[in-house]
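Protein chains get the first letters and strands the later ones, always in sequence-line order, with residue 1 at the start of each. Not measured: the values here are computed from a predicted model.
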Protein chains: 2
Amino acid sequence: MKVLVVDDEPQIRRALRTSLEAHDYEVVTVGTGEEGVVGVADLAPDLLLLDLGLPDVDGTEVIRRVRAFSEVPIIVLSVREAQTDKVAALDAGADDYVTKPFAMEELLARARAALRRAQPDEPTQPILRFGSLEIDLARRLVTREGEAVHLTPTEYALLEALVTNPGKLLTHQWLLRRVWGQGYGTETTYLRTYVRMLRKKLGDDASSPALIITEPGVGYRWVAEPAG
Amino acid sequence: MKVLVVDDEPQIRRALRTSLEAHDYEVVTVGTGEEGVVGVADLAPDLLLLDLGLPDVDGTEVIRRVRAFSEVPIIVLSVREAQTDKVAALDAGADDYVTKPFAMEELLARARAALRRAQPDEPTQPILRFGSLEIDLARRLVTREGEAVHLTPTEYALLEALVTNPGKLLTHQWLLRRVWGQGYGTETTYLRTYVRMLRKKLGDDASSPALIITEPGVGYRWVAEPAG
DNA sequence: GATCGGCGTGAAGAAGGCGTGAAGACCGCG
DNA sequence: CGCGGTCTTCACGCCTTCTTCACGCCGATC
């Protein structure tokens with residue numbers, strides 16, 4: 001999650017950066033409204049934290065200009081407690097308004113709330129289609145010609161490893177480590193067994209594979225692209 | 001625009017009703033959390049104003065229960081200024097948090113902001129049907145062939161977790177954390193016991209399940225779609 | 001054309017997870 | 001203090017899943 005912080009006070013910028021990065025947000029900070037508007041356009045952040053008291057442009061004007069082209073959640077940070085400022089900022093298009101000094105915990109919670117709301121139109125992992133085969137990574141569901149295909153944990157882990165690297169040649173060792181764990185790397189009989197089960201359940205033929213391609217002596221490869 | 005106000009203090013209800021109706025909102029007021037949850041299901045309001053200090057149910061619990069079936073914007077009104085309360089409410093699914101006493105102008109602006117970004121998506125059905133089984137998420141009521149099915153709190157929590165994620169494979173750890181709390185994750189015997197009770201009470205068969213599907217070694221899955 | 005290594009196939013034993021039944025612990029309530 | 005409901009825990013068959021082995025086939029190599 002990328003956050004753009006717009007504030008002219010360096011110590012506030014630093015404090016926000018520290019706290020946000022500690023919670024695994026990617027943080028970019030700028031000091032002027034002009035940079036803020038351009039930053040939203042260039043960086044396409046997931047969240048905008050905006051100080052109202054900027055030296056160059058009025059805060060509500062920044063909100064208006066951002067809203068002209070972006071739906072990014074905006075949380076306003078301001079020392080001004082006056083109702084008119086809050087109303088103006090919110091009506092200009094801000095999503096939330098927090099007065100300084102603020103508790104970092106609360107700001108983070110409000111940021112989570114704002115990001116959560118913005119989620120729905122975020123494209124969740126699409127359903128992959130290969131002919132009549134459908135693989136829903138989010139639901140962990142595989143169907144073939146409409147019928148659910150039951151896969152064991154190991155089978156699914158192997159399928160996931162293959163499907164998430166389409167077209168790429170995956171070596172025996174790489175696959176073994178990914179599916180079975182770091183301690184493995186030479187047990188190619190495991191691979192043969194489970195590749196076989198996968199091909200059987202997915203309706204693939206080893207002699208003329210349409211899904212899992214054997215690369216003799218090296219590894220396996222999933223077909224290039226989701227087709228049909 | 002329809003607004004549901006949940007507050008146990010009559011004078012607050014009256015004040016909110018007056019101000020909101022002056023701004024052309026349609027207002028319904030109730031005094032308890034239970035009525036609030038049911039009201040969201042029955043009235044499908046565009047906005048929920050919720051007091052945290054209700055006599056019957058804890059405020060965050062009301063939020064959680066509403067969020068089980070509705071995406072309606074929720075603005076919390078509360079006398080509690082503690083950060084933990086704010087964080088808990090926001091993380092439970094609230095959209096905004098306003099401390100009493102509040103300025104009506106600000107609340108109206110926050111309401112406008114909440115309504116503006118609300119997704120105009122289809123109202124989620126509060127009553128789910130699976131054959132002769134009916135699950136009313138708002139009233140926490142489960143009926144089977146017209147007969148009420150009594151579920152213990154834990155049983156209902158597990159059912160809710162499953163039903164609100166149809167078709168998705170929910171891992172043992174995910175379910176344990178959701179139903180029993182953060183400290184859990186390995187107690188699969190709990191799951192086995194309660195899944196068994198649920199299947200028994202809902203009339204499902206473990207060997208050929210129509211509702212709760214076992215994914216050996218991974219977790220459980222509720223059937224894909226409400227049918228019948 | 002013979003040898004050899006790697007792969008696909010089939011199958012079987014071992015290990016672990018699941019469903020089941022039940023019993024004890026805990027808790028709120030009268 | 002007793003009681004009913006609920007939660008937690010245990011032991012026991014059964015079945016899925018994992019692991020392992022043997023064999024035949026094919027292409028590569030010499």
Exercise. Within less than 4.0 Å of OP1 or OP2 of dC18(C), is there a side-chain N or O belonging to H172(B)?
Worked result: yes
For this session: Please report, rounded to the nearest Å, how far the C1' atom of dC18(C) is from the CG atom of L198(B).
Result: 16 Å
Exercise. Quick one: is T193(B) getting a side-chain N or O under 4.0 Å of the dC7(D) phosphate, OP1 or OP2?
Worked result: no
Seminar exercise, completed: To the nearest angstrom, the CE-P distance between M197(B) and dT6(D) comes to 9 Å
Seminar exercise, completed: Assign each of P153(B) and E187(A) the nucleotide of DNA chain D bearing its closest heavy atom; nearer the 5' end lies the nucleotide of P153(B)
Exercise. Reckon Y190(A) has a side-chain N or O less than 4.0 Å from the OP1 or OP2 of dC18(D)?
Worked result: no
For this session: Give a yes/no answer on whether the side chain of T154(A) brings an N or O atom under 4.0 Å of OP1 or OP2 in dC18(D).
Result: yes
Problem set entry | Interatomic distance, L158(A) CG vs dC18(D) C1' [rounded to whole Å] | 14 Å
Problem set entry | Any side-chain heavy-atom pair of R112(B) and L90(A) under 4.5 Å | no
For this session: For the side chain of R192(A), starting at C-beta, report the closest nucleotide among dT9(C), dT20(D), dT8(D).
Result: dT9(C)
Exercise. Less than 4.0 Å between a side-chain N and a carboxylate O, is that true for E147(B) and R144(B)?
Worked result: no
Exercise. Side-chain N or O of W180(B) less than 4.0 angstrom from OP1 or OP2 on dC7(D)?
Worked result: no
Exercise. Charged N to carboxylate O under 4.0 angstrom, E160(B) versus R65(B)?
Worked result: no
Exercise. Does the side chain of T214(A) get closer than 4.0 angstrom to OP1 or OP2 of dG8(C) through an N or O atom?
Worked result: yes
Exercise. Are R199(B) and dG19(C) close enough that a side-chain N or O sits under 4.0 Å from OP1 or OP2?
Worked result: yes
For this session: Report yes if at least one side-chain N or O of T189(B) is closer than 4.0 Å to OP1 or OP2 of dC10(D); otherwise report no.
Result: no
Problem set entry | Separation of dT6(D) P from K200(B) NZ (nearest whole Å) | 13 Å
Exercise. Toward the 5' end of DNA chain D, which comes first, Y184(B) or H150(A), by nearest nucleotide?
Worked result: Y184(B)
For this session: In plain terms, say whether R13(B) and E35(B) are close enough for a salt bridge, that is, a side-chain N and a carboxylate O under 4.0 Å apart.
Result: no
Exercise. Once you round it to whole Å, what is the distance between P of dA22(C) and CZ of R196(B)?
Worked result: 9 Å
For this session: Name the closest nucleotide to the Y220(A) side chain, picking from dC7(C), dC18(C), dG8(C).
Result: dG8(C)
For this session: In whole angstrom, give the distance that lies between atom CD of E215(B) and atom P of dG19(C).
Result: 11 Å
Seminar exercise, completed: When rounded to whole Å, the CG to P distance for the pair L191(A) and dG8(C) reads 10 Å
Exercise. What integer distance in Å separates L175(B):CG from dG17(C):P?
Worked result: 17 Å
For this session: Before accepting this row, confirm whether a basic side-chain N of the pair D7(B)/K100(B) lies closer than 4.0 Å to the acidic partner's carboxylate O.
Result: yes
